[in-house]
Amino acid sequence: MKATIVGAGGLGGPLALALGAAGVELVIVDPDVVETTNLHRQLQFTAADLGAAKATTLATRVTERGGRAKGYQLRWLAEDADDISGDCELIVDGSDDPTTKFAVADWAVARGLPYVIAAALQFGGNVLVGVPATACYRCLFEEPVAAATCAAAGVLGPIVGAIGGVAAAFALAIAGAPSANADGLGTLYVFDDLRVSTEPRIVRFSRRADCSACAQRPKEMVA
Ligand SMILES: [Zn+2]
């Protein structure tokens with residue numbers, strides 16, 4: 001399978017290393033370079049990587065472990081996606097930007113592709129697992145709102161590893177790994193505060209008939 005990972009930071013790191021090690025060929029997209037303030041939570045980077053592009057450096061880490069990955073130092077945009085990752089069968093968002101998350105989900109829904117959207121902030125996070133024929137990201141969240149970012153509000157270092165690991169496990173479930181649990185597809189998992197509980201709140205939700213992303217999908221994809 002071939003997958004795109006959007007974001008090469010705290011979530012993208014564990015996602016890429018896990019999926020790459022499982023044999024998934026990766027396209028990794030991130031516009032940023034490694035900064036000192038990233039190192040406590042982006043464990044794929046070291047001080048020797050400061051100033052280097054995150055996407056290509058993470059791709060190198062994947063290939064050093066025997067995986068296949070290509071990095072692009074770009075902000076992911078739907079209009080470029082067909083060129084750099086049009087043949088991907090799965091897209092996973094680990095970006096720190098609500099607008100990008102919606103764009104990734106909408107792009108996947110429009111193409112009938114499965115997708116995983118992961119977010120982490122402060123002491124918790126959430127993971128949405130989207131597959132064709134289920135309610136989509138926009139059915140639930142409707143549109144981006146001004147939200148705190150990790151860069152502004154902070155995140156406890158280990159939290160991104162935990163959320164990234166959960167997202168990677170679901171991505172592997174989508175990829176059809178025999179050990180994966182497919183029960184969670186089409187569901188939002190919310191981890192309110194991992195210092196208090198590792199038990200997620202499981203949010204099941206329905207399609208909105210007027211959803212701008214999925215209401216116009218071809219009939220064969222609609223449940
Ligand atoms: Zn929808």
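All ligand and atom numbering here is 1-based and tracks the order in the structure. Worth knowing before you read on, the calculation uses all heavy atoms, side chains too, and leaves out hydrogens, waters and symmetry mates. From a predicted model like this one, the values you see are computed outputs, not experimental measurements.
- In this model, a donor atom of one side chain and an acceptor atom of the other lie less than 3.5 Å apart for Gln42 and Lys54.
- Side chain of Thr134 to main chain of Gly130: no donor-acceptor pair is present (N/O by atom type, distance under 3.5 Å, no hydrogens or angles).
- Counting only residues at least two apart or in different chains, ring pair (Phe, Tyr, Trp, His ring centres under 6.0 Å) contacts with residues 72-99 comprise Trp76-Trp107.
- For the Zn ion (ligand 1), the nearby protein N/O/S atoms, meaning those under 2.8 Å, are Cys136 SG, Cys139 SG, Cys211 SG, Cys214 SG.
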Test side chain to side chain contact (heavy atoms under 4.5 Å, CB included) applied to Asp106 and Arg138, step by step: CA-CA 8 Å; Asp106 288 352; Arg138 197 175 280 276; 2.6 Å; yes

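- Remark: aromatic rings of Tyr137 and Tyr115 are distant, center separation not under 6.0 Å.
- Here the side chain of Arg61 pairs a donor or acceptor atom with the backbone of Gln44 at under 3.5 angstrom.
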